[in-house]
Structure formats: structure tokens, C-alpha cells
Amino acid sequence: MKNKALTFTGIGVAVSVLLGAAAVAVPTLCGVPSVPNLAVGIVHLTVVGLLLCVFGVEIVSVFKIDDSTYHTMLIAGGTVVFYFFSADTALFFESANAPLSPLLFGYVSECAYLFVALACCGYVMYLYGLKMRAKWCYAIFIPAVLLFAGYAAALPFGYGYPFGFALILLFSLAFCTIVFKAEKTHKIAFTTYITALMFCLVSGAQAVNALCFSGATSLLPGVTFAYLTASLSLYLLVYLTFTIRSDSKAVKSAEYRSRAEMFESRALSGQIKPHFLFNALEAVRALYHEDLAAGDAGVKHLSDFLRDSVRAFDSELVPVEEELDAVFSYTEFENLKRDKKVDVLFNIEYTDYSVPPLSVQPFVENAIKYSGVEATGGCVVVSSLRDGDFAVLEISDNGKGFDPATVSPSSHGIRNASDRLLLTLGAKTEVLSRPDAGCRVKILIPLPPKGDLT
Amino acid sequence: MKIVVIDDEMHALQSFLGESIGYDVEYKFFKDDEAAILDYVKENTVGAVFTDIGMPSVSGLDLAEKIIGVCPDVALVFITGMAVTEDDLSERVRSHTVGFLYKPFKSARLAELLNILQKRTPVLTVKMFDVFDCFVDGELIDFPSAKSKELFALLLAYNGKTLTMTDAIDHLWENSDVEKAKISYRNAVFRLRKTLDEHGIHCVGYERAKLTLDKKGIVCDYWTFLRSGKGDYNGEFCKSYDWSVAYLPELDRVKKKREKRR
């Protein structure tokens, strides 16, 4: 069935209205006298009170939650007024020996119904960005005003209910048209069904009100109360679902965000830590005393590296070429400070992917600091290749190695980098090393099936 | 071309002056005096504005918007120490921005920007007779990696033909085992690319296991000699490289032909 929401709305309204009308009309026609029932009235008003609380929550949520809209607040407020001025309240006042004019109830409940119906229509239009301007005015407001005038005129004479039913029909048609239009171009969301259901309930209750207040039938306790309870349950169900869903989502996203922030701030503090900077500046000063050109080169490489590090904190991923540039600047700077240079080879074959910023540099830093290759004439190789569905990033050296069992992954930088690689790319980092057998860090990055990760 | 340079710190302006001799440009320096700058831009046709971003009285970005308002054809370059990128700019400013000059800057980068502003492509002059050297607009290119320099020489010697990884390895790393040689090749390509990018030279095409060359805009004494016999060939070609000996017979032949004609 193509127009699911439309069918749901149409059938829902029809069932609701007919049920309500039958519930009051049939007993009257069959001669069952109405029984004044104070208790039902009291319970009815209590539930209206609960609905008022729901309205309060809606008001608060409009101000506190960013993406909630005032439409739902209007629907909630409208339904409070509507259900207050319904048949069972009238029954309460009658039973409490303070009967209020059925005309008053008739007019107010009709107005409240129109308000709620319009709010439901407006909400669905808002959800799907539908704007029906001039046509909407003529097709809805003009007949509505005429019918309401007829209702107001006919109510004192007991013939308000045909106009009341006509208004219900008019608004049902309007709502269904809106849903139909929405369904043609959009996928209908869960909230639309909820709104349609609310519209059905209110229409059904209004059918009862129209019959009762125009005197066509006598008040039958509990019918509007049934609609009211159903409405309240609907609201509570929606809140419950919304809370559970957003809670778990909120927890997950808060967790992710705090972990990501923690990693990023650790990465930042790891690289821009004061002692790194002071050491680096001292090295540059020494270079200048040696040779102006060397000093200039030092400043250039250091500032390139720092600039890459800082720029990194705006992005979660950078193209691997940028990361390799940062690694290059870092290695050039390190070598300027050393008498015996560390030979770093860039075995770059494949670069069509992205990595978290400063996720490769800490491994290279470790290799330079601890491998001792400058003494043995070895080298550090940074490789970037493709192996089937994976990009393989390797940092290996043929230096003195270490025993992984005894030495834990030393610095924050390493742990931070592997965590971020896992968190953002699902990439696993393997560190293989044996004493005197060098060290090999292998990062396997899963590549998406089509296209590149940039 | 008139260029306006704006920076609130004097030493930055002074270093700019020191670096930029030899270009056909007229500079006007300003501190962050917004009124004076806008007056000058109104009175004169300014080709480009180099401005700092973080200044005490006005942000370079806001100033740029105002300058565009007065002079819609102006080109912008942001000199800054901060990690500012294109994304931080408004649409309007971005469309006028030619590039960023990060402090501390090298003269090569400034030269590159001036070339872009004056719509000139840098001329790469290559000398292969005697020792191999390259010059960008007359300035010698320093290749920090010797092997990357040698690789570039080989590519130029190929005279526009594609240089495959296998050929490069045979010439430059003939004594290494294949796997090690491949790593050395890729390392040399990486470093060559860094050096050439720094000098604004984009004639090399970096493809998988091969390098291509766009000869446009390159003046090479070897190519000229092969084509027309004119040049300073005296028996030496890329002296420091072993593979260059293979090219000598052809060069000698051309030289004999030229001498015969005289």
C-alpha cells in the first residue's frame, strides 16, 4: 500500500469518530438513560490535570531542548483545554450540582478542537517543509468559518452536531491531504503517525462533544474520558520512547566525544609540550651559533612541524600525504640537531587515504630516539603501500630493538596515536620487536570498498 | 605592479623588504592603520595586498573585506604565523585569495607567490654540461638529497621520455638488491617532490612506478645542444653521475657534425 500514513489517518479518524458517536448515540436511541456519575467526572478531571503537567513539560522542552518545536507545545495545550471542556467534565459539574451551560462547553470545545486540528496540520506541514499558502486559506479557513458560524447559530437549537461533524470532516480532509502530499515526496517519520493518532482521538472525542452539547444525546459517562486516557497514554508512550532512544544515543555520543577530546588534547599536549618546545628552541639557538643557514633551516622545519601539529586539531582526518609532510619536517628538524644523522627513508607508494593527524609521527619519533641506527649505519623506513583492501603504514628500523614483554609502549604519544587510529578508522597497530632485531610498527587501515577515504 | 604590505610588527615588514629584491614590483608598507590603507587603495591601482591577520586594531580578514569593497580586482595574500587555511575565510575573501605566506617564510615561497600574481610561470634553467645544476629564475636550487638530484638529472636526460622505476633503479642503484632499491627509489621521489614543490616547479608527473616530464617552461642546455648544436659541450655531461657516460657518444656525434659544418 503506497500511502500508508494516509490510509492510517483516514481509517483512524473514521473509526474514532464513529465509535465515539455510536457510544453516545446508541444508548440514547435505545432508551438507556444516562447516569450522572460524579466519580467518573473526578477521575476525568484528574487525568486532565496530568495532561496539564504534560503541557508544562512541553513548554519547558521548547526552551531547553534545541530541536523541539512549539507545534507540539500547542497541540498539548490545545488538548488540555479541549478535554477540560468535554462531556465528562460537564457531567462532573452536573453531578456536583453546579451545572455549567452546555452552550459554553459547546463553543469552547469546538474552538479548542479547531485549534488542535490546525496545530496537528501545521506540525505535519512543518515536518515536511510543506507550504500551502493561498490555496490553503481558501480551501480551509473559509468553509471552516462558515461552518463554525452555522454551528454557533444552530447549537442553542440542538442542531449543532451536523455542523460539528462537517467541521470534523473538513479538518480530516485537510489533514489527510497534507499527509498525502508529504508521502509523495518524503519518507514518513514516526512522529507523523503519532500526530495522526492524536488527531484521530481528538476528532472522536469531538464527535461525542458535538452530540452531547447540542442536546442530541444525553451525557454518557466515560466516553470522552476514554479518549482522554488514550491521549495521555500516547503522550507518555512518546516521551518514554524518546527518552530511552535519546538517552542511549546521548550516552554513546557523549562518551565518543569525551574520549575523542581526551585523545586530541593528549595528542596536542604530547607534541606541543613545553619541554619539547624549549628543547627545540635551544637546538635552534645552537644551530644559529654554528651557521646562519643551518639556523634558518631549523626554524623553517620546526615551524612547519608545529604548524602542521596545530592545524591538525581542526580535523579528525588528514590526507596521509599531509601527515607524511609533518613527519618529514619533524625528521629534518631532528637531524639538524644531531651530529650523526638518522637516515629516514620514505617508501611511499600508495597515498589515497586519510589518517588522524599526528598518528604516524609519534612512531617515527620513537624510532629516531630509541633505535640507535645513527650509530650502526642503519635506517628508519616509513612505508605507505596498498595490500588488497588495506592500506599498510609501516615504520620499521634495523636498530637495536627491544623486548616487548619487558618494555611497555612508552610514551603517551604512541598509545594515543594507536587509540585514535582504532577509534576513527578501525585500524589495528602491531608493534613487533626483538632485541638486536630492530623494530617494526605495522598499521593496517581498512579501505572503503569504493573510492578513497579523503 | 603595486603591492601593499600590511603588518603591525615592523620586523616582519623589514624582512619582507630584505627578501624581495629583483622583482618588478613597487611596495608600500603599512602598519594597521585602516584609514591610511583604504585611502591609498582608493587613490592607486593596487595589484595585490599582503596582509597579516592578527593585528591589534583590526583583523586582517575584516580589512581584506573592506579593501575588496574599494578595489574589486585586488589579489590577496595572507602573511601569518597562525595555522589559518582557506576554510577560515569568507566566500568573498576566498575568491580573491591567491595564497598564504606563513611566517617565517622562505624567499622561494615569496617568489612563487609573486610569480602567480604576475601570472608568470617560473623559468627552470637546467645546466647539464659539466656539473648538473638547476636554477629557478636565476636562483640555484639546493637539493638536500643527492640521490633525488641525480634522479631529476636522469629524468631530464631522458628528454621527455617516461622514466620507469626499473630504469631508474638500473641507473642509480644497480648494486642494491631489488627490494632495497625500490625503497630507495620511492624515497628519492618523495624528497625530489618536496624540493621541487618548495620552489614552485610542477613539471614532473608523479605516477605509480614512473615519472613523466612536461618540457614546457624548461630551458635545458643539453636539449638545446641536441636540437641545434649550439651550446657549451666540452666533453663533460653531468660529471658526477656514472650513467652519464652512456650519453657521451651521442653528444660527441652532434659536436662533430657542428664542427664539420663550419
Side-chain angles (χ1 to χ4, degrees), chain A residues 268 272 284 288 293-315 318 320-329 331-333 335-336 341 343-352 357-358 378-386 394-398, chain B residues 11-12 15 18-19 53-54 78-89 100-110 140 142-148 151 165 169 173 176 178-195 197-199 206-211:
Chain A
L268 180 63
I272 318 293
V284 169
Y288 269 117
D296 275 347
V299 169
K300 178 190 180 308
H301 290 306
L302 178 62
S303 58
D304 281 348
F305 176 64
L306 284 176
R307 191 173 293 112
D308 282 337
S309 312
V310 172
R311 198 186 303 164
F313 294 93
D314 290 333
S315 10
V318 295
V320 74
E321 280 164 328
E322 267 183 46
E323 176 63 12
L324 292 171
D325 281 348
V327 170
F328 179 76
S329 305
T331 60
E332 292 293 286
F333 179 73
N335 272 335
L336 278 174
K341 315 282 178 199
D343 202 2
V344 181
L345 298 177
F346 289 85
N347 182 22
I348 311 302
E349 196 196 34
Y350 179 72
T351 54
D352 240 346
L358 292 184
C379 59
V380 175
V381 180
V382 180
S383 305
S384 170
L385 319 157
R386 180 169 180 165
E394 260 190 45
I395 301 101
S396 46
D397 69 75
N398 48 9
Chain B
H11 61 250
S15 79
E19 305 271 359
I53 294 181
F78 291 100
I79 32 178
T80 175
M82 299 197 282
V84 179
T85 62
E86 276 198 341
D87 301 328
D88 303 316
L89 306 176
F100 290 86
L101 186 63
Y102 292 113
K103 292 195 264 200
F105 56 83
K106 285 223 107 180
S107 50
R109 174 64 179 150
L110 177 59
L140 176 71
D142 171 43
F143 288 84
S145 158
K147 274 297 180 191
S148 72
L151 183 65
M165 175 165 72
I169 289 174
W173 293 281
S176 307
V178 183
E179 285 314 313
K180 283 216 179 88
K182 283 187 182 171
I183 292 177
S184 302
Y185 166 81
R186 294 186 195 122
N187 182 47
V189 169
F190 181 83
R191 284 165 190 275
L192 175 66
R193 191 173 188 168
K194 290 235 90 183
T195 308
D197 281 351
E198 216 180 274
H199 288 87
Y206 304 93
E207 290 169 43
R208 183 131 191 265
K210 58 181 183 221
L211 294 173

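No hydrogens, no waters, no symmetry mates; every other heavy atom, side chains included, goes into these values. To find a chain, count down the sequence lines: A is the first, B the second, and so on, and within it residues start at 1.
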Atom pair CG (A:Leu345) and CZ (B:Arg186), whose distance is rounded to the nearest 0.5 Å: 11.5 Å
Interchain contact, A:Leu302 with chain B, by part (heavy-atom threshold 4.5 Å): neither
NZ (B:Lys180) with more than 12 external heavy atoms under 6.0 Å: no
Side chain proximity check, A:Asp325 to B:Lys194, heavy atoms < 4.5 angstrom: yes
Residue pair A:Phe328 / B:Arg191, side-chain heavy-atom distance below 4.5 Å: yes
Close side-chain approach of B:Glu198 to A:Lys300, heavy-atom, < 4.5 Å: yes
For the student: nearest non-hydrogen atoms of A:Val344 and B:Asn187, plus distance: O-OD1, 3.8 Å
A:Ile348 side chain reached by B:Arg193 side chain, heavy atoms, under 4.5 Å: no
